[in-house]
Amino acid sequence: MLDPKQLRNNPDAVKKALKDRNADASLVDKFLAADERWRKATFEVDELKNRRNEITDKIAQMKKKKEDTSAIIAEMKKAADRIKELDEIRRVEEEQAKKVLLEFPNLPHVSVPPGMDARDNIEVRKWGEAKKAKVKPHYEIGKELGILDFESAAKIAGSRFCTLKGLGAQLERALINFMLDLHSEEHGYTEVFPPILVNADSMQGTGQLPKFEEDLFKCRDDEFYLVPTAEVSVTNIHKNEILSLDQLPIKYCAFSPCFRREAGSYGKDVRGLIRQHQFNKVELVKFVDPQKSYEELESLTKNAEEVLRRLGLPYRVVELCGGDLGFAAAKTFDLEVWFPSEGKYREISSCSNFETFQARRTNIKFRKDPKAKPEFVHTLNGSGLAVGRTMAAILENFQKDDGSVEVPEALHQYLEVPILKIGK
RNA sequence: GGAGAGGUGGCCGAGUCCGGUUGAAGGCACACGCCUCGAAAGCGUGCAUACCUUAACGGGUAUCGUGGGUUCAAAUCCCACCCUCUCCGCCA
């Protein structure tokens with residue numbers, strides 16, 4: 001959510017920023033129209049209520065003195081009717097303004113490179129050797145190793161699901177534990193395991209609703225949604241709270257299954273683990289002092305990168321251009337891991353600073369000192385990492401000529417088998 | 001699912017039957033000052049949030065789970081809903 005004051009005071013600057021990220025600038029005028037009607041009605045009704053409050057006290061005193069109040073009460077009846085009318089106008093216009101406000105995407109940070117789509121993103125750094133080796137795609141080798149079973153998943157659920165078997169299931173578990181231990185023990189994040197079925201308000205808080213309902217799985221008989229990322233649950237932990245500066249930064253890591261309908265991506269990545277309706281992910285979430293949020297974005301990104309480094313997976317860091325930014329983000333670095341079978345890098349983590357965008361929607365504030373006026377915190381999050389894609393990357397990058405797959409050394413304390421072989 | 005209890009400011013907790021200077025007693029916590037060599041205790045002062053308005057001091061409106069209703073006036077009365085707790089049932 002944007003700052004309504006910013007919209008009133010600098011509408012042109014906001015319009016320009018919206019165009020920079022390829023968004024609909026006419027929202028600004030829509031908002032301002034409703035806002036103006038709301039303000040007018042509010043101004044009038046506040047004055048009327050002020051008078052009513054005064055007269056109400058007077059009536060109480062007159063009654064005490066047993067004076068006749070019938071004339072004054074009759075007059076106040078009229079005022080009460082007008083107040084009712086105006087309050088109704090206020091309710092309608094406020095709802096309209098709020099509705100429009102929720103449609104605004106975040107504004108890009110000044111450092112965000114210009115551009116329309118992913119082609120204009122900027123490679124920031126690269127790590128590891130992206131080998132051009134001829135390897136089988138992860139879904140083939142996974143099938144041969146007997147650890148990925150797409151057929152049974154299709155029977156159980158449908159397309160875009162996978163049953164992990166034997167060492168595959170164990171490798172998944174090992175990856176989750178490895179990531180959680182790294183972030184909680186070495187990077188200072190508090191591990192949490194939140195609800196993954198959430199209410200509509202939480203979805204609105206992080207920006208999934210109202211605009212992206214078609215991307216979500218919703219329960220038919222209850223007002224619950226399945227989270228598309230633990231970001232939703234974890235960010236809402238502090239909904240409607242005022243934190244103190246010495247609590248910040250608050251850093252959480254969370255494992256959760258994630259559920260996405262993948263509406264509108266019918267032809268894309270139909271095979272393999274890349275795009276599933278259900279996948280596991282370890283998420284990093286921070287609540288920080290706005291003055292430090294860009295340093296915190298750097299360290300968050302580094303924390304996510306560390307997972308890839310320890311696993312020995314080649315990757316690069318990409319800075320998203322304005323046109324490629326997600327709805328809620330002011331600034332994003334994507335981590336892309338190397339997939340030798342495709343000969344390209346693919347997203348495995350997305351690390352973003354949302355500035356006050358989510359904090360406004362969730363009403364999360366902090367006080368600089370005990371007497372200061374509360375201000376919104378900045379929220380950040382990033383995958384650390386998407387587990388299914390990590391497994392896929394391992395199956396390709398650690399694949400040997402004989403069709404076996406080495407287990408990265410960092411996982412040896414979590415999975416006693418150092419190499420995955422066919423028939424095992 | 002059945003029965004009952006309850007939701008008041010950062011926290012605890014009055015007020016709700018009998019509507020009217022109650023944005024809300026009291027306590028704790030917190031901040032500042034006095035006292036002290038220093039501290040504790042004690043004393044004094046301050047201390048909700050949002051919005052509107054003002055150059056500023058300030059002024060105004062709203063908020064006692066949420067939404068409606070009654071009334072000149074609602075924390076207090078009426079209706080609906082949500083949440084929490086206890087007991088019973090069921091269940092991993």
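Chain identifiers are assigned alphabetically (A, B, ...) following the order of the sequence lines, protein sequences preceding nucleic acid strands; residue numbering begins at 1 within each chain.
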* Using the side-chain hydrogen bond (donor to acceptor under 3.5 Å, both in side chains) rule, collect all pairs that involve residues 211-220 of chain A, keeping only residues at least two apart or in two chains. =>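 Passing the test, one end in residues 211-220 of chain A: A/E213-A/Y225.
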Show me the donor-acceptor pairs, under 3.5 Å and distance only, between side chains in residues 25-32 of chain A and residues at least two apart or in other chains.
residue : atom : partner : partner atom : Å
A/S26   : OG   : A/D24   : OD1          : 2.8
A/S26   : OG   : A/D24   : OD2          : 3.2
A/D29   : OD1  : A/K15   : NZ           : 3.3
A/D29   : OD2  : A/K15   : NZ           : 3.2

Rounded distance in Å between the [atom1] positions of [N] and [M]:
{"N": "B/U22", "M": "B/C82", "atom1": "P", "result": "36 Å"}
{"N": "B/C18", "M": "B/C28", "atom1": "P", "result": "35 Å"}
{"N": "B/U71", "M": "B/G9", "atom1": "C1'", "result": "27 Å"}
{"N": "B/U76", "M": "B/G23", "atom1": "C1'", "result": "15 Å"}
{"N": "B/A75", "M": "B/A25", "atom1": "C1'", "result": "14 Å"}
{"N": "B/A74", "M": "B/G20", "atom1": "P", "result": "11 Å"}
{"N": "B/A24", "M": "B/U49", "atom1": "P", "result": "15 Å"}
{"N": "B/A92", "M": "B/C83", "atom1": "C1'", "result": "24 Å"}

* Hey, is the main chain of A/G115 close enough, under 3.5 Å, to the side chain of A/D120 for a donor-acceptor pair? ->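 Checking the backbone N and O of A/G115 against the side chain of A/D120, no donor-acceptor pair under 3.5 Å is found.
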* RNA chain B contacts among residues 52-63 of chain A, heavy-atom distance under 4.0 Å ->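 Residues of residues 52-63 of chain A that come under 4.0 Å of RNA chain B are, in numerical order, A/R52, A/N53, A/T56, A/I59, A/A60, A/K63.
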* Residue whose closest nucleotide on RNA chain B lies nearer the 5' end, A/K365 versus A/R91 ->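 Looking at RNA chain B, the more 5' nearest nucleotide goes with A/K365.
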* Asked: If you pin A/K84 and A/R90 to their nearest nucleotides in RNA chain B, which one's is more 5'?
  ->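 Going by which nucleotide is closer to the 5' end, it is A/R90.
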* Side-chain H-bond candidate by donor/acceptor type, A/K286 with A/T379, under 3.5 Å ->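 No - no donor-acceptor pair under 3.5 Å links their side chains.
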* Can we say A/K16 and A/D20 salt-bridge, meaning some charged N sits less than 4.0 Å from an Asp/Glu carboxylate O? ->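 Counted as a salt bridge, because a side-chain N and a carboxylate O are separated by less than 4.0 Å.
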* Asked: Can you list the residues that meet the side-chain contact (heavy atoms from CB on, under 4.5 Å) rule with A/Q61, with sequence neighbours excluded?
  ->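 Per chain and number, A/Q61 pairs via side-chain contact (heavy atoms from CB on, under 4.5 Å) with no residue.
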* To do: Using side-chain contact (heavy atoms from CB on, under 4.5 Å) as the criterion, list what pairs up with A/T69, not counting sequence neighbours.
  =>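 Here the qualifying residues are A/I59, A/M62, A/K63, A/I72, A/I73.
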* Using a heavy-atom cut-off of 4.0 Å to chain A, what are the terminal contacting nucleotides of RNA chain B, in 5' to 3' order? ->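 Range of nucleotides touched by chain A: B/G20 to B/A73.
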* Asked: Mind checking what makes salt bridge (Lys or Arg N to Asp or Glu O under 4.0 Å) contact with A/E151, not counting sequence neighbours?
  ->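 With sequence neighbours excluded, A/E151 shows a salt bridge (Lys or Arg N to Asp or Glu O under 4.0 Å) to A/K143, given in chain and number order.
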When all nucleic acid strands are considered with a 4.0 Å heavy-atom cut-off, which category describes [X]: base, sugar-phosphate, or nothing?
{"X": "A/K40", "result": "nothing"}
{"X": "A/R367", "result": "sugar-phosphate"}
{"X": "A/R82", "result": "nothing"}

Name every donor-acceptor pair, under 3.5 Å, that has one atom in a side chain of residues 192-204 of chain A and the other anywhere in the protein, sequence neighbours excluded.
residue : atom : partner : partner atom : Å
A/N199  : OD1  : A/D201  : N            : 3.3
A/N199  : OD1  : A/S202  : N            : 2.9
A/N199  : OD1  : A/S202  : OG           : 3.1
A/D201  : OD2  : A/K239  : NZ           : 3.1
A/S202  : OG   : A/K239  : NZ           : 3.1

* Among all residues two or more places apart in sequence or in another chain, which pass the side chain to side chain donor-acceptor pair (under 3.5 Å) test with A/N353? ->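 A/N353 satisfies side chain to side chain donor-acceptor pair (under 3.5 Å) with A/S293 only.
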* Among pairs that include at least one residue of residues 149-176 of chain A, which meet ring-ring contact (aromatic ring centres under 6.0 Å, His included), considering only residues two or more places apart or in two chains? ->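 Every pair satisfying ring-ring contact (aromatic ring centres under 6.0 Å, His included) with a residue in residues 149-176 of chain A: A/F161-A/H277.
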What donor-acceptor contacts under 3.5 angstrom involve side-chain atoms of residues 165-182 of chain A, with partners at least two apart or in another chain?
residue : atom : partner : partner atom : Å
A/E172  : OE2  : A/N280  : ND2          : 2.7
A/N177  : ND2  : A/R173  : O            : 3.4
A/D181  : OD2  : A/Y414  : OH           : 2.7

* **Watson-Crick or G-U pairs under 3.5 Å in RNA chain B, rendered as dot-bracket with [ ] for crossing pairs and | for another strand** => ((((((((.[[[..)....(.....]]].(((((.......))))).((((((....)))))).[[[[[..)....]]]]])))))))....
